[in-house]
Amino acid sequence: HSMPESVVSEHRTLLERSPAEREERGIGDDRLVEALLTVIEQGGREEKVVTDCALPELDLDFRTVDSDNNYPIVFRNCRFDGPISAIDADVTVPVRFENCEIGGFRLEGARFEFDFVVVNSTVTSETDAFEARFDDRFGVTGSTFEAPVALEEARFGNDADFDDATFQA
């Protein structure tokens, strides 16, 4: 019941465009979020690796982010100019950031059913995960947080891994 590959690759192309190209084509942030959700929902293992993208803030508040398969969504060498916001979102796919620059995380009340991993990345603005639930692995190995990180009342169901993470605030 998966979509033809062309639909996913069209959405991927949208993510891979430069911000200037998107602006020229009138592609707004909402459209990008839709594209990303389509890639997450229907992409295969390779398609769910998003590389070298410059993305705005991502607003996934109150959404259910799920997938037809359990391949992780991987952001590699990506830059997010604003926060990744998933307030009260229900995320049922593993999420992984590798070598990314991220303008903060707003994860109050979010639930991550699988891994949430941020590796060798820099988070430039604050992270708030008040009452967030990480049911599986939570890892920030080798990442640098340049702004405050609040994990009050966050719940970790499995390993929480802070190896070589740097908190500068």
State the [atom1]-[atom2] distance between [X] and [Y], to the nearest 0.5 angstrom.
X      : Y      : atom1 : atom2 : result
Arg137 : Arg96  : CZ    : CZ    : 6.5 Å
Asp30  : Asp59  : CG    : CG    : 8.0 Å
Arg79  : Asn99  : CZ    : CG    : 14.5 Å
Ser125 : Phe145 : OG    : CZ    : 12.0 Å
Arg45  : Asn70  : CZ    : CG    : 10.0 Å
Glu108 : Ile87  : CD    : CD1   : 4.5 Å

Beyond-backbone contact of [X] with [Y], side-chain heavy atoms, under 4.5 angstrom:
X      : Y      : answer
Pro72  : Asp115 : no
Leu55  : Arg22  : yes
Thr127 : Ile102 : no
Ile84  : Phe75  : no

Any salt bridge linking [X] with [Y]? Criterion: basic side-chain nitrogen under 4.0 Å from a carboxylate oxygen.
X      : Y      : answer
Glu10  : Arg31  : no
Asp128 : Arg106 : no
Glu98  : Arg76  : yes

Determine whether [X] and [Y] fall in the same hydrophobic cluster, where Ile, Leu, Val, Met, Phe, Trp and Tyr are linked whenever their side-chain heavy atoms lie under 4.5 Å apart.
X      : Y      : result
Val49  : Tyr71  : no
Val74  : Val33  : no
Phe114 : Val118 : no
Phe134 : Phe162 : yes

Using the rule side-chain contact (heavy atoms from CB on, under 4.5 Å), only one of Thr92, Asp90, Val91, Leu37 pairs with Asp66; which is it?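 Passing option: Thr92.
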If you link ILVMFWY side chains whenever their heavy atoms are less than 4.5 Å apart, which other residues fall into the same cluster as Val119? By chain and number, please.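 Answer for Val119: Val117.
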Under the side chain to side chain contact (heavy atoms under 4.5 Å, CB included) criterion, do His11 and Gln42 qualify, and how do the steps go? CA-CA 11 Å; His11 284 90; Gln42 289 143 5; over 6 Å; no
Between the side chain of Ser67 and the main-chain N/O of Ile40, is any donor-acceptor distance below 3.5 Å?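 Present.
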Treating Ser143 as the side-chain partner and Ser121 as the backbone partner, does any N or O pair qualify as donor plus acceptor under 3.5 Å?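 Here the side-chain-to-backbone pair exists.
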Might you work through the side chain to side chain contact (heavy atoms under 4.5 Å, CB included) test for Glu16 and Asp52, ending with a clear yes or no? CA-CA 7 Å; Glu16 287 163 359; Asp52 299 319; over 6 Å; no
Pairing donors with acceptors under 3.5 angstrom, does anything connect the side chains of Ser85 and Asp61?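 Side chains of Ser85 and Asp61: pair found under 3.5 Å.
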Phe105 pairs by ring pair (Phe, Tyr, Trp, His ring centres under 6.0 Å) with which of Phe138, Phe130, Phe97, Phe80?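 Single pass found, and it is Phe97.
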Verdict with supporting geometry, Asp135 and Asn158, side chain to side chain contact (heavy atoms under 4.5 Å, CB included): CA-CA 6 Å; Asp135 291 348; Asn158 204 332; over 6 Å; no
Has Asp163 got more than 12 heavy atoms of other residues, nucleotides or ligands less than 6.0 Å from its CG?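 Atom CG in Asp163 is packed in, count exceeds 12.
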